[in-house]
Amino acid sequence: MAAGSFQIIGTGQLLELQRRLRAAGHENIRASMQRRIRRAAEPLKDDLQRTMRGLPIRSAGRASGKRGGASPTTRPLRDTIASAIRISVRTGGSPGARVWIDRSALPTDLRNMPTVINTGRIRHPVFGNRKRWATQTAPANWWDGTVRKHTPRMTAEVARIVDDVRNRIA
(Lines give C-alpha, C1' and ligand atoms only; values in the text may rest on other atoms or scores of the structure.)
Protein backbone atom coordinates (compact mmCIF):
# COMPACT_ATOMS: atom_id res chain seq x y z
CA MET A 1 0.00 0.00 0.00
CA ALA A 2 1.55 3.30 -1.06
CA ALA A 3 1.38 6.41 1.03
CA GLY A 4 -1.33 8.67 -0.17
CA SER A 5 -4.61 6.79 -0.17
CA PHE A 6 -6.59 4.36 1.93
CA GLN A 7 -10.16 3.35 1.28
CA ILE A 8 -12.71 1.51 3.42
CA ILE A 9 -15.48 0.07 1.33
CA GLY A 10 -18.13 -2.55 1.78
CA THR A 11 -18.73 -2.62 -1.95
CA GLY A 12 -21.76 -4.82 -2.36
CA GLN A 13 -23.55 -3.97 0.89
CA LEU A 14 -22.86 -0.24 0.73
CA LEU A 15 -23.79 0.05 -2.94
CA GLU A 16 -27.03 -1.88 -2.51
CA LEU A 17 -27.92 0.15 0.58
CA GLN A 18 -27.27 3.46 -1.20
CA ARG A 19 -29.54 2.39 -4.08
CA ARG A 20 -32.34 1.47 -1.67
CA LEU A 21 -31.98 4.76 0.22
CA ARG A 22 -32.05 6.78 -2.99
CA ALA A 23 -35.10 4.88 -4.29
CA ALA A 24 -36.95 5.32 -0.99
CA GLY A 25 -36.08 9.04 -0.84
CA HIS A 26 -34.48 8.86 2.63
CA GLU A 27 -32.18 11.88 2.26
CA ASN A 28 -31.82 12.45 6.00
CA ILE A 29 -30.81 8.82 6.59
CA ARG A 30 -28.33 9.04 3.68
CA ALA A 31 -26.83 12.25 5.05
CA SER A 32 -26.63 10.70 8.52
CA MET A 33 -24.90 7.63 7.10
CA GLN A 34 -22.33 9.78 5.29
CA ARG A 35 -21.70 11.81 8.45
CA ARG A 36 -21.23 8.65 10.54
CA ILE A 37 -18.83 7.13 7.98
CA ARG A 38 -16.80 10.37 7.96
CA ARG A 39 -16.73 10.31 11.77
CA ALA A 40 -15.45 6.71 11.66
CA ALA A 41 -12.53 7.87 9.47
CA GLU A 42 -11.65 10.97 11.54
CA PRO A 43 -9.44 9.13 14.11
CA LEU A 44 -7.36 7.65 11.27
CA LYS A 45 -6.89 11.07 9.66
CA ASP A 46 -5.95 12.62 13.02
CA ASP A 47 -3.49 9.81 13.78
CA LEU A 48 -1.90 10.07 10.32
CA GLN A 49 -1.45 13.81 10.82
CA ARG A 50 -0.03 13.31 14.32
CA THR A 51 2.33 10.60 13.05
CA MET A 52 3.58 12.78 10.20
CA ARG A 53 4.10 15.82 12.43
CA GLY A 54 6.13 13.77 14.92
CA LEU A 55 8.02 11.66 12.39
CA PRO A 56 11.75 11.67 13.17
CA ILE A 57 13.74 12.41 10.02
CA ARG A 58 17.45 11.91 10.64
CA SER A 59 20.62 12.49 8.70
CA ALA A 60 24.13 11.15 9.11
CA GLY A 61 25.25 14.61 10.14
CA ARG A 62 28.09 16.74 8.87
CA ALA A 63 31.70 15.77 9.06
CA SER A 64 33.93 18.18 10.95
CA GLY A 65 34.97 21.19 8.94
CA LYS A 66 31.99 20.96 6.57
CA ARG A 67 29.84 23.95 5.91
CA GLY A 68 26.23 24.11 6.96
CA GLY A 69 23.54 26.48 7.97
CA ALA A 70 19.88 27.11 8.28
CA SER A 71 17.41 25.76 5.76
CA PRO A 72 16.80 28.07 2.81
CA THR A 73 13.06 27.42 3.07
CA THR A 74 10.71 28.52 5.83
CA ARG A 75 7.98 25.97 5.21
CA PRO A 76 7.94 23.06 7.65
CA LEU A 77 8.01 19.80 5.67
CA ARG A 78 6.09 17.52 8.05
CA ASP A 79 3.39 20.07 8.86
CA THR A 80 2.89 20.85 5.16
CA ILE A 81 2.34 17.15 4.38
CA ALA A 82 0.14 16.59 7.46
CA SER A 83 -2.15 19.46 6.52
CA ALA A 84 -2.71 17.91 3.07
CA ILE A 85 -4.28 14.71 4.51
CA ARG A 86 -8.00 14.64 3.67
CA ILE A 87 -11.13 12.50 4.06
CA SER A 88 -13.77 12.04 1.40
CA VAL A 89 -16.98 10.06 1.69
CA ARG A 90 -18.57 8.87 -1.53
CA THR A 91 -21.98 7.38 -2.09
CA GLY A 92 -21.82 6.89 -5.86
CA GLY A 93 -20.18 4.10 -7.85
CA SER A 94 -17.71 2.96 -5.20
CA PRO A 95 -19.18 4.13 -1.90
CA GLY A 96 -17.11 4.36 1.25
CA ALA A 97 -14.62 6.55 3.07
CA ARG A 98 -11.26 7.45 1.62
CA VAL A 99 -8.36 8.97 3.55
CA TRP A 100 -5.81 10.43 1.15
CA ILE A 101 -3.09 13.02 0.65
CA ASP A 102 -4.24 15.90 -1.52
CA ARG A 103 -1.14 16.37 -3.66
CA SER A 104 -2.56 19.58 -5.12
CA ALA A 105 -2.38 21.10 -1.62
CA LEU A 106 1.39 20.45 -1.55
CA PRO A 107 4.00 22.68 -3.18
CA THR A 108 5.03 21.28 -6.58
CA ASP A 109 8.46 20.19 -5.35
CA LEU A 110 6.91 18.18 -2.46
CA ARG A 111 4.16 16.34 -4.35
CA ASN A 112 6.04 13.01 -4.30
CA MET A 113 7.47 13.45 -0.80
CA PRO A 114 4.81 11.43 1.14
CA THR A 115 5.64 8.35 -0.96
CA VAL A 116 9.39 8.99 -0.64
CA ILE A 117 9.17 9.36 3.15
CA ASN A 118 7.09 6.16 3.36
CA THR A 119 10.04 4.25 1.85
CA GLY A 120 12.20 5.35 4.79
CA ARG A 121 15.01 6.85 2.67
CA ILE A 122 15.01 10.46 1.52
CA ARG A 123 17.73 11.45 -0.93
CA HIS A 124 17.94 15.08 -1.96
CA PRO A 125 20.40 17.69 -3.22
CA VAL A 126 22.07 19.76 -0.49
CA PHE A 127 20.44 23.20 -0.59
CA GLY A 128 19.47 22.63 -4.23
CA ASN A 129 23.07 21.87 -5.31
CA ARG A 130 22.69 18.92 -7.67
CA LYS A 131 26.40 18.08 -7.37
CA ARG A 132 26.10 17.29 -3.63
CA TRP A 133 23.48 14.89 -2.31
CA ALA A 134 22.38 13.98 1.20
CA THR A 135 20.51 10.94 2.45
CA GLN A 136 18.13 11.15 5.39
CA THR A 137 16.16 8.36 7.03
CA ALA A 138 12.69 8.15 8.51
CA PRO A 139 10.74 5.20 9.90
CA ALA A 140 9.61 3.22 6.85
CA ASN A 141 5.91 2.63 6.25
CA TRP A 142 4.62 5.45 8.45
CA TRP A 143 1.45 5.55 6.33
CA ASP A 144 0.96 1.79 6.05
CA GLY A 145 1.55 1.07 9.73
CA THR A 146 -0.87 3.75 10.90
CA VAL A 147 -3.55 2.59 8.46
CA ARG A 148 -3.05 -1.05 9.47
CA LYS A 149 -3.58 -0.10 13.12
CA HIS A 150 -6.96 1.54 12.36
CA THR A 151 -8.34 -0.86 9.71
CA PRO A 152 -10.12 -3.36 12.03
CA ARG A 153 -11.87 -0.57 13.97
CA MET A 154 -12.96 1.26 10.82
CA THR A 155 -14.17 -1.89 9.08
CA ALA A 156 -16.26 -2.86 12.12
CA GLU A 157 -17.62 0.69 12.44
CA VAL A 158 -18.68 0.85 8.77
CA ALA A 159 -20.33 -2.59 9.05
CA ARG A 160 -22.22 -1.38 12.15
CA ILE A 161 -23.35 1.76 10.31
CA VAL A 162 -24.57 -0.29 7.34
CA ASP A 163 -26.52 -2.61 9.68
CA ASP A 164 -28.06 0.35 11.54
CA VAL A 165 -29.18 2.01 8.32
CA ARG A 166 -30.49 -1.27 6.91
CA ASN A 167 -32.57 -1.74 10.10
CA ARG A 168 -33.93 1.82 9.87
CA ILE A 169 -35.20 1.44 6.31
CA ALA A 170 -36.45 -2.13 6.68
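- Asp163 CG to Asn167 CG: the interatomic distance, rounded to the nearest 0.5 Å, is 6.5 Å.
- Side-chain contact between Arg36 and Asp164: present, with at least one pair of heavy atoms (C-beta onward) separated by less than 4.5 Å.
- The closest side-chain heavy-atom distance from Thr135 to Ser59 is not below 4.5 Å.
- Here the shortest heavy-atom pairing between Thr80 and Leu106 reads O-CD2, 3.6 Å.
- The shortest heavy-atom contact between Arg38 and Ile87 is NH1-O, 3.4 Å.
- Arg58 is linked by a side chain to side chain donor-acceptor pair (under 3.5 Å) to nothing, counting only residues two or more places apart in sequence or in another chain.
- Listed here is the closest heavy atom pair of Asn141 and Asp144: OD1-OD2, 3.2 Å.
- Checked against side chain to side chain donor-acceptor pair (under 3.5 Å), Asn129 has no partners two or more places apart in sequence or in another chain.
- For CZ of Arg130, the number of neighbouring non-hydrogen atoms (other residues, nucleotides, ligands) closer than 6.0 Å is 12 at most.
- For the pair His124/Gln136, a side-chain contact is recorded, criterion being any heavy-atom separation below 4.5 Å from C-beta on.
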Counting only pairs under 3.5 Å, give me each side-chain donor-acceptor contact of residues 41-50, with atom names and distances, residues two or more places apart or in other chains.
{"from": "Asp47", "atom 1": "OD2", "to": "Lys149", "atom 2": "NZ", "distance (Å)": "3.0"}
{"from": "Asp47", "atom 1": "OD2", "to": "His150", "atom 2": "NE2", "distance (Å)": "2.8"}
{"from": "Gln49", "atom 1": "NE2", "to": "Ala82", "atom 2": "O", "distance (Å)": "3.0"}

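- Looking at Asp102, its side chain never comes within 3.5 Å of a backbone N or O of Ala84 through a donor-acceptor pair.
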Evaluate the criterion side chain to side chain contact (heavy atoms under 4.5 Å, CB included) for residue pair Trp100 and Ile85; output intermediate values, then yes/no. CA-CA 6 Å; Trp100 53 289; Ile85 297 174; over 6 Å; no

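- Contact record, Ser104 with Arg111: O-NH2, 3.7 Å, taken as the closest heavy-atom pair.
- Atom-to-atom distance recorded for Ile81:CD1 and Leu55:CG is 9.0 Å, nearest 0.5 angstrom.
- Residue Met52 comes nearest to Trp142 through the heavy atom pair CE-CZ2, 3.3 Å, listed as atom of the first residue, atom of the second, then distance.
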Go through it in stages, so that I can follow the logic: the residues are Arg103 and Thr108, the test is side-chain hydrogen bond (donor to acceptor under 3.5 Å, both in side chains), and I'd like the CA-CA distance, side-chain angles, deciding distance and then a yes or no. CA-CA 8 Å; Arg103 294 185 193 281; Thr108 54; over 6 Å; no

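- The two atoms that bring Ile37 and Ile161 nearest to each other are N-CD1, 3.8 Å, heavy atoms only.
- With values rounded to the nearest 0.5 angstrom, Arg160 atom CZ is found 13.0 Å from Thr155 atom OG1.
- No side-chain heavy atom of Arg86 sits less than 4.5 Å from a side-chain heavy atom of Val99.
- There is no side-chain donor-acceptor pair under 3.5 Å between Arg78 and Ser83.
- The shortest side-chain heavy-atom distance between Ile101 and Thr115 does not fall under the 4.5 Å cut-off.
- Ile117 has its side chain within reach of Ile122: a pair of non-hydrogen atoms, C-beta onward, lies under 4.5 Å apart.
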